[in-house]
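Read the structure below first, then the notes.
When a ligand or atom number is given, it counts from 1 through the structure's own listing order. Quick note: residue numbers are just sequence positions, from 1.
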Amino acid sequence: MTDEGINNILHLYLVVKVDVETLVDRMPNEIRVALATLGCKLNQAETELLAGQFTRAGLRLVSPDSAADIYILNTCSVTHIADRKSRHLLRLAHRLNPEALVVATGCYAQRAPKELAHIDGVSLVIGGDEKPRLPQVLEEKGHLHRMPATRQRLFARNGFKTRALIKVQDGCSNFCSYCIVPLVRGREKSLPADEIIAHIRTKIEAGYKEVVITGVKVGSYKHDGIDLKGLLERILAETDIKRLRLSSLQPQEIHPGLLKLWRDSRLCPHFHLSLQSGSDRVLKLMNRRYRAGEYQQVVALIRNMVPDVAITTDIIVGFPGESEAEFLESYELSQQMGFARIHVFPYSPRDGTEAAQFPDTLSPQIKRERTKRMLSLACQSTRNFNQKFSGKIMPVLWEKRSPSGVWSGLTPNYIKVYTESNKDLTNKLLPLKLVEIRDDGVWGEIPSSSGFCIHTGP
Ligand code: SF4
């Protein structure tokens, strides 16, 4: 969606046609739209764009678990679990308000629209191609008509995170054998750098301090001769964003020239590099474009050039034909890499992908047992990484306060941190002394020199 596209939508004033009289009687000028997202950061970035369109068009954003007049679910279809969650949330939306318009969009909607259309209560299924202009599509299909706009609030006050997700690219031409994404999102296409920079500036004006560069395959960014390195250079030179984070890269996309940019401390020392498997045979079957040794070399290069870096990863467990020895290669390599986080995905076949044709001889019990072992390593790995920073003072962007009064936020290198304070820390960048390792993060204290009243936790 271009800025021009967003501006056009400023002139659209929408209301749910199916329920217009009731709504106007009950809550004039205030149509409640609930947006929910499953899946990757790109999906989240696209939901934020939709939220902007609806907000500017005069609708009120409400939480997805509250009563709304329109529910929109941006689905994911990367695993069968994501499919199941998508169906569950659509049914839940219908139960929350049986009169509401329930709209399914996103990757599942693109992959299997009929499957979703048959779910009780689903009013509309909008494929990925039409997702960026969803409000207009609803209007064109006769489900909405114009009404006066109401005064609106910033996204951050409507439950959105303090990090703005900026879409720079879509699609993938890699065709990993297990992955449905190229089939539902199509080939790689990048957005113009000028448009991305303008988008980041609007986020800075709205108060955001951190942006996350997001896409299916960010490392393949290419537009008008500008690659990812060129794009990052321009963002750093042409905006005063305080923190810039990349969502995900592949080992073959990383080179010393790119890493030199991390001399600018605004670039967060955090790389998400999907490993998927530590076995060269399995990596080949997966159609990944690197071998385990090359992955290790890239990690060594990053660690050498980017101090205090966090490297996070994804591992697929139980790929068809994965032997115990090959699983152990993944396990041992993950152990050696000292990952800050490991996302573990038990393999599930996706119709239409190459791997769905591979004979799958592994029993569910073996897959479950390997998943459990890898998850246990993931927990230990995060604790080990966090432990290295115990006692250090690090800048934290504070995100939210739990009902019990505990604030949470992130360090530049993606350590989840917690503290207690009676002040509003939302979206503030403040130092924290990391004190005590907890399950998934670190408890800390804001130094009194920061001027904040501190209450340290138990
Ligand atoms: S690189 Fe592979 S896993 Fe990632 S989106 Fe493309 S095909 Fe899927």
Side-chain angles (χ1 to χ4, degrees), residues 37-46 74-83 106-112 127-129 131 165 167-191 212-222 227-228 246-255 258 271-292 294-295 298-299 311-320 322 330 334 339 341-358 374:
T37 316
L38 287 171
C40 60
K41 284 198 169 63
L42 178 58
N43 244 17
Q44 292 169 36
E46 289 170 342
N74 196 358
T75 61
C76 174
S77 195
V78 76
T79 62
H80 74 282
I81 295 169
D83 282 353
C107 290
Y108 194 172
Q110 180 74 18
R111 184 184 69 76
D129 297 343
K131 181 164 71 170
L165 304 174
K167 175 177 173 178
V168 304
Q169 181 276 344
D170 200 348
C172 181
S173 310
N174 209 70
F175 289 91
C176 297
S177 65
Y178 54 84
C179 183
I180 194 78
V181 172
L183 303 178
V184 292
R185 284 192 177 265
R187 302 289 176 121
E188 291 158 12
K189 42 204 172 290
S190 299
L191 300 178
V212 184
I213 299 299
T214 304
V216 173
K217 202 158 172 289
V218 167
S220 299
Y221 178 86
K222 195 106 192 160
D227 62 5
L228 179 66
L246 296 193
S247 62
S248 180
L249 289 174
Q250 305 238 349
Q252 66 274 24
E253 294 158 351
I254 290 175
H255 52 86
L258 179 71
F271 290 77
H272 186 77
L273 283 185
S274 292
L275 171 61
Q276 308 299 17
S277 172
S279 151
D280 285 340
R281 189 191 77 89
V282 175
L283 285 172
K284 194 155 183 245
L285 282 174
M286 289 177 166
N287 198 26
R288 301 294 287 175
R289 309 290 171 95
Y290 53 85
R291 295 164 71 87
E294 287 158 353
Y295 185 98
V298 167
V299 168
I311 296 176
T312 54
T313 201
D314 303 315
I315 300 280
I316 295 175
V317 172
F319 192 74
E322 178 193 69
S330 295
S334 300
F339 291 123
R341 289 191 198 176
I342 305 173
H343 303 280
V344 182
F345 297 91
Y347 172 77
S348 70
R350 303 277 72 200
D351 282 350
T353 61
E354 196 189 340
Q357 309 298 319
F358 296 169
M374 194 59 91

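- Counting heavy atoms from C-beta on, the side chains of Cys176 and Met286 never come closer than 4.5 Å.
- At least one side-chain heavy atom of Val212 sits less than 4.5 Å from a side-chain heavy atom of Leu165.
- Of the protein's non-hydrogen atoms, the one nearest atom 3 (S) of ligand 1 is Tyr178 OH, 3.4 Å.
- Protein atoms of type N/O/S that fall under 2.8 Å from atom 6 (Fe) of ligand 1 number 1 in this view.
- Annotation: atom 1 (S) of ligand 1 to nearest protein heavy atom, Gln250 NE2, 3.0 Å.
- Between the side chains of Gln276 and Tyr178, at least one donor N or O lies within less than 3.5 Å of an accepting N or O.
- Side-chain contact between Ile180 and Arg111 is present, with heavy atoms from C-beta onward closer than 4.5 Å.
- Residues passing the ring pair (Phe, Tyr, Trp, His ring centres under 6.0 Å) test with His80, sequence neighbours excluded: none.
- By the 30° and 60° cut-offs, the orientation of the rings of Tyr290 relative to Tyr295 is tilted.
- Under the 4.0 angstrom criterion for non-hydrogen atoms, Arg288 is in contact with ligand 1.
- By the neighbour-count criterion of 12 heavy atoms within 6.0 Å, atom CZ of Arg281 is densely surrounded, having more than that number from other residues, nucleotides or ligands.
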